[in-house]
Amino acid sequence: MTSKALMVNAAELLRRPGTERTIATTLTTAELGLSDQRFRPDDTVTANIRLESLSDGIVVLGSVDVPWQGTCRRCLRELSEHAVCEVDELYQSVVTNPNAFEIAGDQLDLIPMVRELALLDTPTAPLCRPDCAGLCSVCGTDLNELQCSCEAPAHGSPWDVLDQLKGRLDAN
Ligand SMILES: [Zn+2]
Ligand SMILES: [Zn+2]
């Protein structure tokens with residue numbers, strides 16, 4: 001099944017520069033073609049997109065909300081999150097801007113672009129939070145919740161390294 005909501009009649013927009021068109025739609029991750037383990041096939045992707053025609057192309061702006069699943073790479077917690085992908089793209093019939101996508105025919109299919117953004121903005125090795133403390137490598141305790149009594153691994157603080165470096169520099 002494919003979604004027609006992200007198909008736009010480009011010819012109509014290009015005929016009148018300055019025309020705006022908004023698309024607010026939902027589709028499933030499967031309809032968007034997201035099929036790896038980060039996505040559940042029936043989850044809902046929400047797209048809010050505005051198109052604006054110029055004399056030589058169509059600007060596509062907006063955001064797309066994509067639900068994803070994963071496992072924190074440090075503490076192994078199951079994650080169920082959303083990526084909000086910012087859309088800011090240019091489509092041209094005759095590509096003069098190196099960053100522009102080509103409009104092939106009269107229809108503009110936004111699905112491949114939205115799919116690419118979703119894949120880029122969804123982490124493959126996520127963290128539950130940037131400072132996740134992870135699991136103790138000795139006993140497996142989740143250090144976000146409990147402090148265990150295992151010996152700390154034998155690495156010093158970053159300051160020790162700096163002191164050593166400084167000592168070496170001073171010696172020269
Ligand atoms: Zn974590
Ligand atoms: Zn431990």
Side-chain angles (χ1 to χ4, degrees), residues 1-8 22-51 59-91 98-101 108-172:
M1 191 180 158
T2 55
S3 172
K4 289 266 181 279
L6 290 175
M7 279 287 232
V8 179
T22 54
I23 302 174
T25 189
T26 59
L27 65 167
T28 65
T29 46
E31 286 169 331
L32 193 50
L34 299 172
S35 58
D36 67 43
Q37 74 284 355
R38 287 173 283 176
F39 309 101
R40 278 197 303 241
D42 50 356
D43 272 354
T44 304
V45 174
T46 306
N48 284 294
I49 288 172
R50 188 163 57 87
L51 296 99
V59 177
V60 183
L61 296 167
S63 67
V64 181
D65 180 290
V66 183
W68 60 270
Q69 329 293 317
T71 306
C72 174
R73 69 171 187 262
R74 285 192 203 143
C75 72
L76 308 182
R77 188 169 306 185
E78 292 298 326
L79 305 175
S80 185
E81 308 279 342
H82 288 249
V84 178
C85 315
E86 296 300 323
V87 179
D88 183 358
E89 305 292 350
L90 175 66
Y91 285 82
N99 298 317
F101 289 92
L108 181 53
D109 182 2
L110 299 176
I111 284 198
M113 177 269 288
V114 172
R115 181 169 51 229
E116 279 309 302
L117 285 178
L119 290 170
L120 281 175
D121 289 349
T122 310
T124 46
L127 286 173
C128 61
R129 56 172 210 243
D131 61 346
C132 171
L135 302 178
C136 170
S137 55
V138 179
C139 71
T141 294
D142 184 344
L143 299 174
N144 295 305
E145 290 177 358
L146 281 177
Q147 201 58 52
C148 62
S149 53
C150 300
E151 289 287 319
H155 63 69
S157 82
W159 301 113
D160 295 345
V161 178
L162 284 178
D163 284 346
Q164 277 172 25
L165 278 175
K166 189 165 177 302
R168 227 176 287 162
L169 288 172
D170 288 348
N172 288 338

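Counting from 1, the numbers follow the sequence of the chain as shown. Every value quoted in this text rests on a predicted model; they were computed, and no experiment measured them. Indexing begins at 1, ligand by ligand and atom by atom, following the structure's order.
- A donor-acceptor contact shorter than 3.5 Å links the side chain of Arg38 to the backbone of Thr122.
- If you put the vertex on the Zn ion (ligand 1), SG of Cys132 and SG of Cys75 sit 110° apart, to the nearest 10°.
- Annotation for Asn144 and Gly134: closest pair ND2-N, 4.0 Å, computed over non-hydrogen atoms.
- Thr29 contributes a side-chain N or O that, together with a main-chain N or O of Arg40, makes up a donor-acceptor pair within less than 3.5 Å.
- Shown here for Tyr91 and Asp109, the closest heavy-atom pair between the two residues is OH-O, 4.5 Å.
- Nearest heavy atom pair, residue Arg74 against residue Cys132, reads NH1-O, 2.8 Å.
- Side-chain atoms of Asn48 do not come within 3.5 Å of backbone N or O of Ser63 as any donor-acceptor pair.
- Counting only protein N, O or S atoms, 4 lie closer than 2.8 Å to the Zn ion (ligand 2).
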